[in-house]
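Let me begin by presenting the structure, written as structure tokens, before commenting on it.
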2 protein chains.
Amino acid sequence: MPGSVRSRLIESAVELIRRNGVPGTAVSGLIDHSGVSRRSIYINFPGGKKELIDTSVTAAGGTMGEYIRNLTEGRSPVEALGDFIDFWKRILIESDFTAGCPIAAGAYGGQDVPDARDSAGKVFHEWEIILISSLVDNGVSEDSAPALATTVISAIEGAVMLCLAAQELAPLERVQQQMEMLIEANTSAP
Amino acid sequence: MPGSVRSRLIESAVELIRRNGVPGTAVSGLIDHSGVSRRSIYINFPGGKKELIDTSVTAAGGTMGEYIRNLTEGRSPVEALGDFIDFWKRILIESDFTAGCPIAAGAYGGQDVPDARDSAGKVFHEWEIILISSLVDNGVSEDSAPALATTVISAIEGAVMLCLAAQELAPLERVQQQMEMLIEANTSAP
DNA sequence: GTCTATACGAAGATAGAC
DNA sequence: GTCTATCTTCGTATAGAC
């Protein structure tokens, strides 16, 4: 239900996690950002903040997974890579280099929210499956596709973090260039 | 001064930031972990938590920068890469997959500690300079060395994060294999 | 579902006594 | 430098009234 209290809360949580991480995302901040009453949070998420965070990481990961699937379908890995890089550039620019990946923030969220960390692991694994299938369909061997998929995700996630730190897009652009070379190397190999 | 109150505080801060991120690192936790009195924190770091965090990110980055420099000196990039990957594997295993990179945590620390984020940016830039010089010394062209250096750092940082999320070492091992291939591709290229 | 009030603990920071 | 006490703000969570 778009527009519902529950979905509004999740959207706000994703946005705040992006910017301030899991421990930095306070319930009071969520109330301000979402306009939802304090009471409703604990009605929709009896587990409180932890449940909301966990749900939000999973939801954001699912949305992005669908996005990645659309990018890869019927297109070359290099084309999909370029669009995915552009997607991240937009996030960084529009947020003035304050918002990164909510899944990464969930993974680095600390040990008092292990559910969010586990959910982040599941999300990354789903992304890998989507990428592997796309790579295999485009001439990458089944032996090397998993490693390549993991590397593409790692490199992009790392680059987003470097972009946040440096407050510029250069890391993503450099990684894009090198990932194109790496995809090429994995395609032409035996 | 090793063993001093100041250095003990920094060591504890690095350890706690690794595990719980910047917002998740509390002053009370620092007192417990370091054994230093509350008073001494504000004597050594008049700026309070923010100054301590910022100083700790820079210190950890400097230490690791020296470590990277030692790994690369007089050795091939692939050898250095292998040792650096092993270094991270050790951190992950010894912490039971709870401790990641303190610099990454600084970059994702949120907007109330922008100094830590900027320090993280400086640290990554120093690492890049070290790697670029090592790569150029080993047959990578000056044109492509910067992009390759940024990519290696991004991929490893991303892989560490994926390892934390998945609670396993596979992402780092896959990235190692692909980075070896990428270094090879950049070395044999014209 | 909304609003407001409130309990209870933990956060960061400061100050006095030694 | 250490100890403890304390101030203030903020955190999560709950409950009553509508």
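Chain A is the first sequence line, chain B the second, and so forth, proteins listed ahead of strands; every chain is numbered from 1.
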Considering just the side-chain nitrogens and oxygens of B:S28, establish if one lies under 4.0 Å of OP1 or OP2 belonging to C:dA10.
no

Quick check: on DNA chain C, is the nucleotide nearest B:K50 upstream (toward 5') of the one nearest B:R39, or the reverse? Name the residue that is more 5'.
B:K50

What I want to find out is whether B:K122 reaches B:E126 closely enough, with some N-O distance under 4.0 Å, to be called a salt bridge.
no

Which nucleotide sits closest to the side chain of B:Y42: C:dG12, D:dG1, D:dT12?
C:dG12

For atom CG of B:D112 and atom P of D:dG11, their distance in whole Å
10 Å

Pair B:R8 + B:E11, salt bridge at N-O below 4.0 Å
no

Nearest to the side chain of B:I43, heavy atoms from C-beta on, is which of C:dA15, D:dG1, D:dT14?
D:dG1

In terms of side-chain geometry, is the basic nitrogen of B:E15 or B:R19 positioned less than 4.0 Å from the acidic oxygen of its partner?
yes

Between C:dG1, D:dG11, C:dA13, spot the one nearest the side chain of B:R38, thanks.
C:dA13

Between C:dG12, D:dA13, C:dG1, spot the one nearest the side chain of A:N44, thanks.
C:dG1

Nearest to side-chain heavy atoms of B:V5, which nucleotide of D:dG1, C:dG12, C:dG1:
D:dG1

Among side-chain atoms of A:S119 and A:D54, is any donor-acceptor pair under 3.5 angstrom?
yes

Check the distance between C:dA10's P and B:K49's NZ and give it to me in whole angstrom.
16 Å

If I take atom CG in residue A:N20 and atom P in nucleotide C:dA11, what distance separates them, rounded to the nearest angstrom?
18 Å

Would you classify B:T25 as touching base, sugar-phosphate or nothing, given that sugar-phosphate means primed atoms plus P, OP1 and OP2, and contacts are heavy atoms under 4.0 Å?
sugar-phosphate

d(CZ, B:F45; P, D:dG1) in whole Å
10 Å

